[in-house]
Structures are given as C-alpha cells and as structure tokens.
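Predicted model only: the values in this text are computed from it and were never measured. Residue numbers start from 1 in every chain, and the chains themselves are labelled A, B, ... in the order their sequence lines are given, proteins ahead of strands. Heavy-atom basis, side chains included; hydrogens, waters and symmetry copies ignored.
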Amino acid sequence: MPELPEVEVVRAGLQRWVSGREIRAVDVLHPRAIRRQEGGVAELAAGLRGQTLRCASRRGKYLWLPLVEPGIREPESALIAHLGMSGQLLVEDPGAPDEAHLRVRFTFADGGTELRFVDQRTFGGVRVTALVPDDRGGRLPVEVAHIARDPLDPEFEEDAVVRRIRSKDSEIKRVLLDQTVASGVGNIYADEALWRAGIHGRRIARRLTAAQVRLLLAEVRTVMEQALSQGGTSFDALYVNVNGQSGYFDRSLEAYGREGEPCRRCGAVIRREAFMNRSSFWCPVCQRAPRGSTPSRG
DNA sequence: CATAGATCCTGTATGC
DNA sequence: TGCATACAGGATCTAT
C-alpha cells in the first residue's frame, strides 16, 4: 500500500519520464477517479490540454506537477494525484494494452509514452487544482495546504512536531496516522516504527516522554529511508513504480504482517489486533501495553 | 475545538 | 462447486 516511500519512488519516476512534456489530451475511463474534480471531465481536459508539466513534487502521500502554458512562467494550477491504496501511475508505450483497471490516460504532444492512472479499488484519484501560497513563500495545491510536512522534508520542524504529538490525548498510533501532525505515515510504517522504538501503539501520546517521541520520529525516518532505498514495499503488485516494477522492502518488515511469527529481537510471538478498521501488529514483550489496555485474543 | 468511528471500493482468500 | 463473508486501508465525512 503506498505510503511515503512508495509515493516518493513514483514521484521520481514522474520527474524522469513526464516532467517537461506538454499534454495533448486526457481520457477518463472511470468517473470515480476524478470525483473531486470541479467541473468534471470537461474542466479536467480544459485544464490540461496544451499545458506543460513542471517538476514532480510530493508532500506526504500527495503528488503533484505544476502546469504552465507556453510563454507563462509562474504556474497557477497543478495536476495532483493521490494513489489511495491501490493507485498506480504508469508510463507506457501508446500501443501497450489497456490495464483492467485503467481509469485515466494522459497523452503528450510529442507522441511518446503516455501516462496512465490505474486503480483497482478507486480510493485514489487525479484532478487539476489551484496552487496557493504556503508558509514559506512557495506554492502548494490547495488540497495539500492542510497536510503537515513529512519527516523526510528538510524543513520538517522536529521540536514543534514533538510538542504537537505530546499535546494529543489519543493513542500514539492514531496520532502517527494523522496527516495534519506529520504526513506520509500509513499503517505499515506506523507499526514498523513503533516496533523499532519499542512503543505500543495504544500508549496515549501525551503520556510519552519527549525522548520517546523523538526516538519514534527517528525510527519513522529510518524505516522510510530504508524502504526508499529498496524501492518501497509491495505485497501484491498493487504498488509499483512508473515502470510497473515492485519494491522489495516487504522482506525487511519486522512487525507488519508477522502475526504468529517470532519477534526478530526477542523471539516472542508477534500479535495482531483490529485497529481503525485495519490491523496492528506488535511484539508483546518489546512493546509493553499501557495499563488498562485489553489484551487481544488471549 | 478535539477525538472516534463509519464509509468508500473491489479482488483475493477463506469458510461452510 | 457456489455462495457468503472477511480483509486490505487513506482520506474524508459525520457524530459525539
């Protein structure tokens, strides 16, 4: 499932293969993929035709490419994409057969490779959106303005984020997944970072020490950087880079998906419990449960 | 305001 | 063999 490292791999692919190219046309094969587009297909097509894509940018799990018309320097809009849980952005030859879940096709004026948005579960989507000023004199898509900087952002404000996390009267895993606190973390890397830091996800954020929160953020950064260096995590080929290749960080996961297997640090059996309509995996020895938390299933 | 929970979506795996 | 159900989970919406 695409979290920050996977989205970053896709961003780099877009930068290499589609940045600098002029869009000729867009073909929407499934309306849900553009459900948040004001004005629907017509406005999407009008907003893209004849525009050139600028540098591929990312914050957390959002991706965008600013759009410029010939002769105009400052972009005022951008093509934005979110992969949801199964979205793919693929760069392919125009003659390649359509994927079963092809949702949107972008073709370019140069007649070269096309960009395809493929999404089985249709939680993701693309749209053209306005760029608005950010807090540092730059510009951001309006959808991204409320998303916090991610831990790999050079301008990530560690101290402020530690304070913000420790102000929350909520379970730490829930806070890690809150994209307005720090972005880019999803269910997999949350479990991995918590395991590495030796912190149970049900601990209340404001009861953690500043040192514990600092350690947790350091582990978030470490696990994401490792995943990125291996091309991201993939379980079922739903996540791929723009060339359709999977990463292999899943071989390095220590907690996520390892229910019933031994903890690689202490040998205890990794546990699993339902959490926010998904699952949490943790080591009952390395990650002590908070008082009053009910042990799950025995 | 802060926090918790439901909802969207479909292919795959599992149980009866 | 077929049908029903559980599961994967990011963002957003509603409820408290």
Side-chain angles (χ1 to χ4, degrees), chain A residues 1-8 10-11 29-38 58-64 80-89 99-104 117-127 129 140-148 150 163-194 201-207 220 224 227 232-240 246 250 253 255-260 272-281 290 293-294 296-297:
Chain A
M1 319 309 150
E3 298 181 33
L4 185 151
E6 293 74 39
V7 177
E8 174 57 23
V10 173
R11 187 207 63 77
L29 292 93
H30 194 305
R32 191 172 160 79
I34 62 154
R35 64 195 175 282
R36 298 192 174 276
Q37 176 69 61
E38 277 177 52
R58 180 190 57 72
R59 176 179 284 193
K61 304 166 196 169
Y62 276 97
L63 281 169
W64 70 94
I80 185 171
H82 196 294
L83 303 179
M85 38 180 311
S86 57
Q88 305 174 347
L89 283 164
E99 290 75 10
H101 303 290
L102 177 61
R103 308 305 192 196
V104 185
F117 180 69
V118 176
D119 190 8
Q120 178 195 99
R121 295 172 203 171
T122 62
F123 276 27
V126 299
R127 66 176 289 193
T129 191
L140 282 178
V142 44
E143 292 87 347
V144 183
H146 75 287
I147 298 292
D150 60 66
R163 282 195 297 275
R164 178 93 193 279
I165 290 174
R166 296 186 68 221
S167 75
K168 293 280 186 181
D169 187 16
S170 185
E171 295 170 357
I172 184 61
K173 179 167 175 183
R174 190 177 271 278
V175 177
L176 274 182
L177 296 175
D178 183 344
Q179 306 295 298
T180 68
V181 174
S183 64
V185 182
N187 199 44
I188 297 169
Y189 296 115
D191 278 3
E192 291 302 297
L194 287 162
R202 288 209 179 276
R203 301 275 297 274
I204 300 301
R206 69 176 163 75
R207 298 204 187 127
V220 166
M224 283 182 167
T233 299
S234 179
F235 296 97
D236 51 10
L238 280 183
Y239 156 69
V240 292
S246 293
D250 54 311
L253 295 175
Y256 186 87
R258 298 195 65 238
E259 180 186 21
R272 167 186 170 169
E273 75 174 352
F275 172 81
M276 288 174 78
N277 286 331
R278 57 205 76 176
S279 296
S280 287
F281 299 87
S293 121
T294 46
S296 87
R297 290 190 268 174

Please answer whether the main-chain N or O of [Y] pairs with a side-chain N or O of [X] as donor and acceptor at a distance below 3.5 Å.
{"X": "Ser279(A)", "Y": "Ala274(A)", "result": "no"}
{"X": "Gln179(A)", "Y": "Val185(A)", "result": "yes"}
{"X": "Arg272(A)", "Y": "Glu259(A)", "result": "no"}

Can you tell me which nucleotide in dG5(B), dA11(C), dA8(C) comes closest to the side chain of Met85(A)? dA8(C)
From the set dG10(C), dA6(B), dT12(C), return the single nucleotide nearest to any side-chain atom of Tyr62(A). dT12(C)
Rounded to whole Å, how long is the line connecting atom [atom1] of [X] with atom [atom2] of [N]?
{"X": "Arg59(A)", "N": "dA11(C)", "atom1": "CZ", "atom2": "C1'", "value": "17 Å"}
{"X": "Leu176(A)", "N": "dA11(C)", "atom1": "CG", "atom2": "P", "value": "14 Å"}
{"X": "Phe275(A)", "N": "dA6(C)", "atom1": "CZ", "atom2": "P", "value": "21 Å"}
{"X": "Gln120(A)", "N": "dA13(B)", "atom1": "CD", "atom2": "C1'", "value": "13 Å"}
{"X": "Asp178(A)", "N": "dG5(B)", "atom1": "CG", "atom2": "P", "value": "15 Å"}
{"X": "Ile188(A)", "N": "dC7(C)", "atom1": "CD1", "atom2": "P", "value": "17 Å"}
{"X": "His30(A)", "N": "dC8(B)", "atom1": "NE2", "atom2": "P", "value": "15 Å"}
{"X": "Arg127(A)", "N": "dT12(C)", "atom1": "CZ", "atom2": "C1'", "value": "14 Å"}

Over all strands shown, is [X] touching base, sugar-phosphate only, or nothing at heavy-atom distances under 4.0 angstrom?
{"X": "Asn187(A)", "result": "sugar-phosphate"}
{"X": "Arg36(A)", "result": "sugar-phosphate"}
{"X": "Asp119(A)", "result": "nothing"}
{"X": "His146(A)", "result": "sugar-phosphate"}

Do the side chains of [X] and [Y] get close enough for a salt bridge, i.e. N-O under 4.0 angstrom?
{"X": "Arg103(A)", "Y": "Asp119(A)", "result": "no"}
{"X": "Glu143(A)", "Y": "Arg36(A)", "result": "no"}
{"X": "Arg58(A)", "Y": "Asp150(A)", "result": "yes"}

Donor/acceptor link under 3.5 angstrom from Arg121(A) side chain onto base of dG11(B):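 Counting by modelled atom types and ignoring angles, no donor-acceptor contact under 3.5 Å is found here.
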Taking only side-chain N and O atoms of [X], does any of them lie within less than 4.0 angstrom of OP1 or OP2 on [N]?
{"X": "Arg272(A)", "N": "dA8(C)", "answer": "yes"}
{"X": "Lys168(A)", "N": "dA2(B)", "answer": "no"}
{"X": "Ser170(A)", "N": "dA4(B)", "answer": "yes"}
{"X": "Arg32(A)", "N": "dC9(B)", "answer": "yes"}
{"X": "His101(A)", "N": "dG11(B)", "answer": "yes"}
{"X": "His82(A)", "N": "dG10(C)", "answer": "no"}

Walk me through it: do Lys173(A) and Ser280(A) pass the test side chain to side chain donor-acceptor pair (under 3.5 Å)? CA-CA 9 Å; Lys173(A) 179 167 175 183; Ser280(A) 287; 2.8 Å; yes
Want to settle it: does Arg174(A) or Arg278(A) sit nearer the 5' end of DNA chain B, counting the closest nucleotide to each?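 With Arg174(A) and Arg278(A) compared, the 5'-side residue is Arg174(A).
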Represent DNA chain B in dot-bracket notation, 5' to 3'. Only Watson-Crick or G-U wobble pairs with both distances under 3.5 Å count; pseudoknot-style crossings use [ ] and interstrand partners use |. .|||||||||||||||
Report, as yes or no, whether the 6.0 Å neighbourhood of atom CZ on Arg35(A) holds more than 12 heavy atoms from other residues, nucleotides or ligands.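 Count over threshold, so yes.
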